[in-house]
Number of protein chains: 2
Amino acid sequence: MTTKEIIFEKALILFAANGYTATSIRNICSEVGIKESSFYNHYKSKDMLLDAIFESFNNALLSKALSDEQLDLLTTQFTLKEMLLNGLKQYIGIWENPTASQMWFVVSMEQYRNSKAGHIVIDESKRRILRTAYTFELFQKKGKMKQGDPLTLANLYSFSIRSLHLDYGLKKLYNNDPEQSWKSMQEVCNLFCNHWEL
Amino acid sequence: MTTKEIIFEKALILFAANGYTATSIRNICSEVGIKESSFYNHYKSKDMLLDAIFESFNNALLSKALSDEQLDLLTTQFTLKEMLLNGLKQYIGIWENPTASQMWFVVSMEQYRNSKAGHIVIDESKRRILRTAYTFELFQKKGKMKQGDPLTLANLYSFSIRSLHLDYGLKKLYNNDPEQSWKSMQEVCNLFCNHWEL
DNA sequence: GTCTATATTGCGATAGAC
DNA sequence: GTCTATCGCAATATAGAC
């Protein structure tokens with residue numbers, strides 16, 4: 001690992017735990033084991049480091065999106081319930097991945113005061129809904145799901161799961177019964193499929 | 001208005017716009033028109049000021065919760081759709097109220113690094129779901145709503161609306177088509193009622 | 001690429017006069 | 001309750017030797 005990568009990693013941990021503004025370059029360098037002046041050989045400023053984290057997070061999100069072709073294949077091979085339950089498992093898995101969950105925390109904390117973070121959240125939300133809507137559309141075309149506006153169905157299902165997902169992450173942080181949120185996610189999924197699956 | 005109230009108001013504006021840590025007592029006092037030393041005649045520390053904001057926010061949330069008796073009356077007088085649509089209007093109204101929306105922003109930003117903020121969010125989420133579940137239970141008892149586990153139905157509906165509500169606030173902040181989220185909220189409400197209202 | 005040393009600014013908080 | 005003055009410290013960032 002290069003020094004730049006270690007800076008990135010340690011900064012992410014500290015930003016996630018204490019927030020960007022409350023974390024000093026001194027804190028980060030102390031964790032890395034270098035002097036503050038060395039920091040500037042790797043990042044132009046503290047702000048550029050935050051931007052690098054945002055960019056890395058956004059790229060990770062974009063790379064996870066399923067293509068139209070992949071969705072076409074999956075909606076043929078699996079039932080609606082199988083596909084949604086599998087989606088839930090992947091979604092919740094974020095909170096078992098330290099780097100991914102730290103990035104979520106940092107972006108979530110910054111979203112109201114940093115427009116880059118804000119737009120990452122807005123775009124991710126929109127992308128998630130549109131991919132779900134397209135999935136529902138494919139299931140409907142294949143006669144595996146009841147008819148109805150795919151976008152509204154996606155809004156109902158996907159936004160509900162999104163809230164529960166955020167709840168899970170927050171509760172996990174404070175050791176406040178996150179498993180209840182995971183159970184609710186599965187129950188919502190079952191309820192939804194019982195009503196719309198064919 | 002007392003000086004203490006003006007400090008509270010100006011601090012809330014600055015915390016919401018720039019975050020708690022990035023806002024200095026100097027910034028606040030400059031807005032209020034007093035010297036920093038005078039600040040300490042009203043609040044023991046910057047942290048105590050933040051606590052006061054949290055407490056005020058939590059009290060406002062608690063005071064808005066409808067009692068069992070009120071819910072019993074409302075579920076008799078109104079249809080499911082009327083009641084949910086009215087709930088949406090009140091919910092979205094938060095973003096038209098500067099103080100309320102500023103408090104939401106501050107608590108949202110702090111939720112991952114300040115346990116008081118974190119527990120306010122966790123509790124608010126739980127309270128909202130439980131009140132909705134009880135409302136559905138009453139509608140079911142009165143034969144105005146299809147049977148089904150009220151808690152799971154509340155999770156599906158209320159968490160979906162919650163996400164859309166947060167989306168609205170964030171999009172409004174960045175002038176990024178918030179009305180689309182409001183339309184989605186109404187569509188989700190209609191879809192839900194079309195399926196579960198009797 | 002790392003270090004020592006330093007510049008400059010801003011921070012939260014306090015003492016004590018009025 | 002407000003002010004002036006100040007303390008002690010930590011912040012980001014830079015210069016220049018090795």
Side-chain angles (χ1 to χ4, degrees), chain A residues 1-56 102-103 105-107 109-110 112-117, chain B residues 1-57 102-103 105-107 109-117:
Chain A
M1 257 181 125
T2 66
T3 303
K4 186 167 186 172
E5 287 167 339
I6 300 173
I7 290 173
F8 185 99
E9 183 193 68
K10 299 295 185 187
L12 184 56
I13 293 169
L14 290 168
F15 289 168
N18 309 315
Y20 169 72
T21 315
T23 302
S24 66
I25 293 175
R26 221 166 275 195
N27 293 153
I28 299 165
C29 292
S30 152
E31 286 293 315
V32 175
I34 56 170
K35 297 294 170 189
E36 293 119 80
S37 51
S38 298
F39 173 90
Y40 296 93
N41 280 316
H42 305 285
Y43 292 98
K44 260 196 174 178
S45 68
K46 196 186 164 192
D47 247 326
M48 289 295 118
L49 169 56
L50 183 62
D51 279 353
I53 288 175
F54 288 159
E55 203 192 324
S56 167
Q102 282 152 12
M103 285 185 173
F105 283 162
V106 174
V107 171
M109 282 191 273
E110 294 298 316
Y112 298 108
R113 53 185 293 274
N114 180 307
S115 75
K116 276 180 194 161
Chain B
M1 258 183 123
T2 67
T3 303
K4 187 168 186 172
E5 287 166 339
I6 300 173
I7 291 173
F8 185 98
E9 184 194 67
K10 299 295 185 186
L12 183 56
I13 293 170
L14 291 169
F15 290 168
N18 310 314
Y20 169 73
T21 315
T23 303
S24 67
I25 293 177
R26 226 161 271 201
N27 293 152
I28 299 164
C29 292
S30 154
E31 285 293 313
V32 175
I34 57 170
K35 298 293 170 187
E36 295 118 80
S37 52
S38 298
F39 173 90
Y40 296 92
N41 280 316
H42 306 285
Y43 293 99
K44 261 197 174 177
S45 66
K46 196 186 165 191
D47 248 326
M48 288 296 116
L49 169 57
L50 183 61
D51 279 353
I53 288 176
F54 289 160
E55 204 193 323
S56 166
F57 181 64
Q102 283 153 12
M103 285 185 173
F105 284 162
V106 174
V107 171
M109 282 190 272
E110 294 299 314
Q111 67 182 317
Y112 298 109
R113 55 184 293 275
N114 180 305
S115 75
K116 275 179 193 161

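A, B, ... follow the sequence lines: proteins, then strands. Residue 1 opens every chain. The model shown is predicted, which means the values in this text are computed figures rather than measured ones.
- A/K35 has its NZ atom 17 Å from the C1' atom of D/dA15, to the nearest Å.
- As a whole-Å value, the separation of A/L49 CG from D/dT12 C1' is 13 Å.
- Here the side chain of B/K116 pairs no donor or acceptor atom with the backbone of B/L50 at under 3.5 angstrom.
- When distances are taken from the side chain of B/S24 to each of D/dA11, C/dT14, C/dC11, the shortest belongs to C/dC11.
- Note: CG (A/D47) to C1' (D/dA11) measures 14 Å, nearest angstrom.
- Counted by atom type alone, A/S30 and A/N27 present zero donor-acceptor pairs between their side chains at under 3.5 Å.
- The listed nucleotides are D/dT4, D/dA13, D/dA10; the one nearest the side chain of A/R26 is D/dA10.
- Straight-line distance from the OH atom of B/Y43 to the P atom of C/dG12: 16 Å, rounded to whole Å.
- Residue-to-nucleotide contacts include a donor-acceptor pair under 3.5 Å from the side chain of B/S37 to the base of D/dT4.
- Side chains of A/I28 and A/F15 form a contact here, defined as non-hydrogen atoms less than 4.5 Å apart.
- Taking atom NE2 of residue A/H42 and atom C1' of nucleotide D/dA13, one finds them 15 Å apart after rounding to whole Å.
- Counting non-hydrogen atoms under 4.0 angstrom, A/T23 reaches the backbone sugars and phosphates but no base.
- Listed for the A/Y112 side chain is no donor-acceptor partner under 3.5 Å among the backbone atoms of B/G19.
- Out of D/dC3, D/dA13, C/dC3, the shortest distance to the side chain of B/I34 is found at D/dC3.
- Spacing between atom CG of A/L50 and atom C1' of D/dT12 amounts to 15 Å, rounded to whole angstrom units.
- Looking only at side-chain heavy atoms (C-beta outward), B/F57 and B/V106 stay at 4.5 Å or farther from each other.
- The side chain of A/E36 lies closest to D/dT12 when the candidates are D/dC3, D/dT12, C/dA13.
- Comparing atom distances between the B/S38 side chain and each of D/dC3, D/dA13, C/dC11 picks out D/dC3 as nearest.
- Atom CZ in A/F39 sits roughly 19 Å away from atom C1' in C/dT4 (whole-Å rounding).
- Following rounding to the nearest Å, B/N27 (CG) and C/dT9 (P) show an atom-to-atom distance of 17 Å.
- Looking at the side chain of B/K46, the nearest of the listed nucleotides C/dA5, C/dA15, C/dA13 is C/dA13.
- The side chain of B/I25 approaches C/dA13 more closely than any other nucleotide in the set C/dC3, D/dA13, C/dA13.
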